[in-house]
Undergrad: 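Have a look at the structure that comes next, please.
Chain letters run A, B, ... following the sequence lines, proteins first, then strands; residues in each count from 1.
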Number of protein chains: 2
Amino acid sequence: MLRAIKPAMSDPRSARKPTLEDVAEAAGVSRATVSRVINGVRNVDPKLHAIVWQAVDATGYVPNRAARSLVTRRSGTVALVVSDAVSHDDDPFMRRFFADPFFGRIVGGVMSVLRPRGIQLALQIVGTDDARGRLVGDLGQGQADGAVVLSLHPDDTLPHQLYEAGIAAALVGRPAQPVPISYVDLANDAGGVLAAEHLIGRGCTRLGMITGPAHVPASQDRLTGFRQALARHGHAWFPTVEGGFTYESGETALLELLERQPELDGLFVANDVMAQAAVMALRGRELRVPDDVAVVGFDDSSAALDARPQLTTVRHPLEDMAAESARLVLARIDDPSLRVESVIFDPKLVVRQSA
Amino acid sequence: MLRAIKPAMSDPRSARKPTLEDVAEAAGVSRATVSRVINGVRNVDPKLHAIVWQAVDATGYVPNRAARSLVTRRSGTVALVVSDAVSHDDDPFMRRFFADPFFGRIVGGVMSVLRPRGIQLALQIVGTDDARGRLVGDLGQGQADGAVVLSLHPDDTLPHQLYEAGIAAALVGRPAQPVPISYVDLANDAGGVLAAEHLIGRGCTRLGMITGPAHVPASQDRLTGFRQALARHGHAWFPTVEGGFTYESGETALLELLERQPELDGLFVANDVMAQAAVMALRGRELRVPDDVAVVGFDDSSAALDARPQLTTVRHPLEDMAAESARLVLARIDDPSLRVESVIFDPKLVVRQSA
DNA sequence: CGGAGCATGGAGAGCGCTCTCCACTACATA
DNA sequence: TATGTAGTGGAGAGCGCTCTCCATGCTCCG
């Protein structure tokens, strides 16, 4: 007596998935023709075209991505790489980073471009140099066709490695070291200008600024814009204190600034977290915000809303920037010879209570 | 005269990537042996082992994932699926969702499990039924080995479709409709108990609750826990008003609640956003928080920190839950016959100023 | 000393797909 | 009728890998 050799088709896990071959047989054509129809290439008789699609429906065929990318050398995937220089991979900083809306807004922006084109988004986090090396290898091998890179550290070597490896990439944020890779960025200097003009418009005359770390390009640009706008209005000089983008550094910086300019009535802070700290510290000194000192922050992060009074701040169009970075990567994948490009977005002042 | 046929190796894009074959040649062994070494299987002479790794280094070999998964039928990828029932894919709700730390915390939790094992995370957003169908097809074809699913809508059919298709999956949050898929969840009822006991501990006697939508399991559980804990303390009845988890609904609900219980001195609200709205509305009625009415929220979201006074609230261990869901998927991929499992996490009360 | 038994490495098939060739038909042109 | 020219579909190679078989060489015991 013979036993059936075919496995039970009831369990979808063991059921053999239909292949191109099966569709071809069902449609009575060759594998190649089915492939042509599915990929919409070349001249296929419209009659056959219809028959093939019918067979696809009937068999429930879904193309096998692995097989396809093995031959096309395209994975249909773009990686979103978060690169940071932490000592170990489970750094608490990363936890904070993920919990920050910043990350989600970028994901949303990138997805809005990728999804309509049926391209996958693969998330990659690299904290160590070792991980970066592996990532470059994997991308070079075609694990993804390109990468949108979030470099969180100014000394990050990843952009350069990606360039060396010839991987299609775009950076979110101008790289600290010039590197021939396209990037999107915010016109940080324009943000500084916005802050300056708002404070001057309010009638502030004794201004000051808490800057970000001097080696971060965005910090420099915010300062430059602020300074130039003030200069245009005749303010040749104002005190600045460098902060580290953290709450504590904002507090310290404010106290130092007050020492150097006790009459301060207008303050620009290079990010919201430090601005929030500054506002708290001002109130601790019995200075009212905005009546005694008007404060403008930067980022429009959740810190701006947590602060009391809520912060007037400079806002990134982050989703749009992320979307554009995805477009840049896609363009580069299509045509690697494309010239390196940068797209700069304009910030917007969000007026709340602090200024 | 002969021209060199080999392409210039200077451009990494056109340079042929080394394959197993190349490594085998360099090591003077067969392809199969190299494969064995790289995958760490079976008995390979330690001497050859060393030689092979040396050849891997020398050639800069990186395995081709597509080729490998074509034969192993494993992609080495887990999908993080966000499933919602929106009319079109670019719903503003999605924008808000991505900007919410909730999303990032889950990504972080899932990554913490996947990364050490070298497994990719692919992000998938499905808003329409059509997209859901395609997703199930793609996953069935092996685009990913399994999926962590965030179902944002109680009527979502995706979990059931995944089960039908035999795809390894785990849900974050108990499904509204029972379905044989593992899930992680918060002990929402325990959260209700925490809130009740905190309010009673403060001496509140005239209690009330603003619940979430009745059809959302989490809402029901929060109410149940709160009710049972109060009952244990002799509070047989308290007024409840149903809200919709939105700011506006919280406002409206509070006003209705005050009408039914003007003497209210203790309030439990099923999420922070509504709680924040309730606090504002209470202050608008000249009722002090927490002195006149103590308020406990739920989620420990950014709304809890935005509120003034800041909210005492019930906190999810969201990262841990997400990590566990990833573990469940991985376990199921390894052994599809595993029984369906649920892992319930305990919430924690975060005491701030509102109660 | 012969053969069983085991450790080890190689040969080769084949995963599902794309894409280059090539064959064939149909029609126009010489 | 012989030849040129599209347009169309099929045959088949091969992408890079894993894994099952099989051959080989060795040890060990009767």
Undergrad: Above 12 or not: heavy atoms from other molecules or residues under 6.0 Å from CD of A:Glu25?
TA: no

Undergrad: Measure the distance from CG on A:Leu20 to P on D:dA11 and round it to the nearest whole Å.
TA: 14 Å

Undergrad: Take the protein atom CG of A:Asn64 and the nucleotide atom P of C:dG14, then report the distance between them rounded to whole Å.
TA: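 Between P of C:dG14 and CG of A:Asn64: 18 Å.
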
Undergrad: Write down the atom of B:Ala169, the atom of B:Ile181, and the distance for their closest heavy-atom approach.
TA: O-CG2, 3.5 Å

Undergrad: Check the distance between C:dC17's C1' and B:Arg65's CZ and give it to me in whole angstrom.
TA: 20 Å

Undergrad: Is A:Ser35 near enough to C:dT18 that one of its side-chain N or O atoms lies under 4.0 angstrom from OP1 or OP2?
TA: yes

Undergrad: When you check the phosphate oxygens OP1 and OP2 of C:dG10, does a side-chain N or O of B:Ser30 lie under 4.0 Å from one of them?
TA: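 B:Ser30 to C:dG10 OP1/OP2: side-chain N or O found under 4.0 Å.
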
Undergrad: Do the side chain of A:Thr77 and the main chain of A:Ala144 share a donor and acceptor less than 3.5 angstrom apart?
TA: no

Undergrad: Starting at CZ of B:Arg36 and ending at C1' of D:dT20, how long is that distance when rounded to a whole Å?
TA: 10 Å

Undergrad: Describe, as an angle rounded to 10 degrees, how the axis at the first end of the helix from C:dC1-D:dG30 to C:dA30-D:dT1 is tilted relative to the axis at the last end, five pairs per end.
TA: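 End-to-end axis angle: 60°.
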
Undergrad: Can you check the B:Lys17 NZ to D:dC15 P distance for me, whole Å?
TA: 15 Å

Undergrad: Applying side-chain hydrogen bond (donor to acceptor under 3.5 Å, both in side chains) to B:Asp22 and B:Thr59, what does each step give before you reach the verdict?
TA: CA-CA 8 Å; B:Asp22 299 325; B:Thr59 52; over 6 Å; no

Undergrad: Answer yes or no: is there an ion pair linking A:Asp138 with A:Arg134, defined by an N-O contact shorter than 4.0 Å?
TA: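 Judged by the 4.0 Å cut-off on N to carboxylate O distance, A:Asp138 and A:Arg134 do not form a salt bridge.
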
Undergrad: Quickly work out the A:Glu21 CD to C:dC15 P distance and round it to whole Å.
TA: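 The distance from CD of A:Glu21 to P of C:dC15 comes to 10 Å, rounded to the nearest Å.
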
Undergrad: Looking at A:Ser325 and A:Val184, what are the two nearest heavy atoms and their distance?
TA: N-CG1, 3.7 Å

Undergrad: Please check the phosphate of C:dT18 (OP1 and OP2 only) for any side-chain N or O of A:Asn39 closer than 4.0 Å.
TA: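 Affirmative; the distance criterion is met.
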
Undergrad: Select one nucleotide: of D:dT18, C:dG16, C:dA11, the one nearest the side-chain heavy atoms of B:Ala32.
TA: C:dA11

Undergrad: Please work out which residues in residues 66-79 of chain B have a non-hydrogen atom less than 4.0 Å from an atom of DNA chain D and list them by number.
TA: B:Ala67, B:Arg68, B:Leu70, B:Val71, B:Thr72

Undergrad: Ring-plane angle category for B:His49 and B:Trp53, please: parallel below 30°, perpendicular beyond 60°, tilted otherwise.
TA: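 B:His49 and B:Trp53: perpendicular rings.
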
Undergrad: How close do B:Ala67 and A:Leu70 get, counting heavy atoms only, and between which atoms?
TA: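 The pair with the smallest heavy-atom distance is CB-CD1, 3.5 Å.
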
Undergrad: Donor-acceptor pair, distance only, cut-off 3.5 Å: does the side chain of A:Arg65 make one with the backbone of A:Gly76?
TA: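 Side chain of A:Arg65 to backbone of A:Gly76, a donor-acceptor pair under 3.5 Å: yes, one is there.
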
Undergrad: What integer distance in Å separates B:Arg31:CZ from D:dC15:P?
TA: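 For the pair B:Arg31 CZ and D:dC15 P, the rounded distance is 11 Å.
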
